[in-house]
Structure formats: C-alpha cells, structure tokens
Amino acid sequence: QVQLVESGGGLVQTGGSLRLSCAASGSISSFDFMGWYRQAPGNQRALVAAITGGGTTNYADSVKGRFAISRDNGKNTVYLQMNSLKPEDTAVYYCNAKRRLWELAGYWGQGTQVTVSS
C-alpha cells in the first residue's frame, strides 16, 4: 500500500516562504503524476501544481511565478516551494500521486496546514 506523508506547513506572514514536502513510501519514479492540491474552508479541493514522470510541470494561474514543484527521486520526495505567500494561500495542502495518468483518484496524503497572516 502506497503511503504519502506531507510536512512543512505552518504559520507565516504575508510575503514569507514555506517549503512543503511529500514523502512516499516507495519510489516516486513509479508514478507518472504527482501533484499538490489545496482546500480552504468552504472551497473545493483544487490543483495547485503538478509534475509528470517526464518532468513537465503545471501550475494554477493563482500561484504561477510564486510556487515551484520539484522532486528528489533519491529521497522519494516531492516538494512545493511557496514564495511571496498571500492570505488567500491559506489552506490545507494535500499530495496526490498516480502510477498512470489515466487513474481517476490515485493516492492521497493526510494534508498539512498552511496559514498566512496579514
């Protein structure tokens, strides 16, 4: 069974930075897709950033230029570097992984809370 564990969330002031980590129980090289989603109270869970097995990245318009997704295959970990944080970035951030792109749900982590104060 695949397990994903997110970490790195916390409280930060507007304009600050955080780096989230998603550690997988197995080799992340086996996943064709890994992504970060977030969900704020009253909102739908939405895709923030994604990276494919080939290294292609994709970002939500609201975070382009501020967030960066990356992976370290040796550590079996995917990261989300978040810079210039805004209060609207406040949410629970979740990691998702799919072995194949055509999978509907894939695997989910437990989430990590990010709170940006103003």
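A salt bridge does not link K86 with D89: none of the charged nitrogens is closer than 4.0 Å to a carboxylate oxygen.
For A60, the side chain to side chain contact (heavy atoms under 4.5 Å, CB included) partners two or more places apart in sequence, or in a different chain, are S62, V63. Partners of R45 by salt bridge (charged side-chain N to carboxylate O under 4.0 Å, His left out), not counting sequence neighbours: none found. The side chain to side chain donor-acceptor pair (under 3.5 Å) search around N43 returns none, not counting sequence neighbours. Under the side chain to side chain contact (heavy atoms under 4.5 Å, CB included) criterion, A97 pairs with L4, F31, M34, not counting sequence neighbours.
Once rounded to the nearest 0.5 Å, the distance linking CE of M82 with CZ of R38 reads 9.0 Å.
For residues 33-93, no pair satisfies disulfide (SG to SG under 2.5 Å), with sequence neighbours left out. The disulfide (SG to SG under 2.5 Å) analysis of residues 57-92, with sequence neighbours excluded, yields no pairs. Identified under the disulfide (SG to SG under 2.5 Å) test for residues 71-118, with sequence neighbours left out: C22-C95. Residue pairs that meet the side-chain hydrogen bond (donor to acceptor under 3.5 Å, both in side chains) test with at least one member in residues 18-28, sequence neighbours left out, do not exist here. Residues in residues 69-79 take part in no side-chain hydrogen bond (donor to acceptor under 3.5 Å, both in side chains) pair, two or more places apart or across chains. Applying the salt bridge (Lys or Arg N to Asp or Glu O under 4.0 Å) test to pairs two or more places apart or on separate chains, those with a residue in residues 99-118 are D32-R100.
In terms of modelled atom types and a separation under 3.5 Å, the side chain of Q39 and the main chain of A46 share no donor-acceptor contact.
Hydrophobic cluster of Y94: the remaining members, joined at side-chain heavy-atom separations below 4.5 Å, are F33, Y37, L47, V92, L101, W108, listed by chain and number.
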Test side chain to side chain contact (heavy atoms under 4.5 Å, CB included) applied to W36 and I69, step by step: CA-CA 8 Å; W36 285 96; I69 187 170; 3.7 Å; yes

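No more than 12 heavy atoms of other residues, nucleotides or ligands sit less than 6.0 Å from atom CD of Q13. Heavy atoms of other residues, nucleotides or ligands lying less than 6.0 angstrom from CD of Q3 number 12 at most.
L18 is listed as a side-chain neighbour of L85, based on a closest heavy-atom distance under 4.5 Å. By the 4.5 Å heavy-atom criterion applied to side chains, V48 and F67 are counted as neighbours. Proximity of E6 to Q110: side-chain heavy atoms (C-beta onward) are separated by under 4.5 Å at one or more points.
Cluster membership check: V5 does not share its hydrophobic cluster with L80, using side-chain heavy-atom separations under 4.5 Å among Ile, Leu, Val, Met, Phe, Trp and Tyr.
For the residue pair Y59 and A68, the shortest heavy atom distance occurs at OH-CA, 3.3 Å.
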Throw together a table of side-chain donor-acceptor distances under 3.5 angstrom for residues 111-118, partners on residues two or more places apart or in other chains.
unit_1	atom_1	unit_2	atom_2	d
T112	OG1	G9	N	3.2
Q113	NE2	A91	O	3.4
Q113	NE2	T115	OG1	3.3

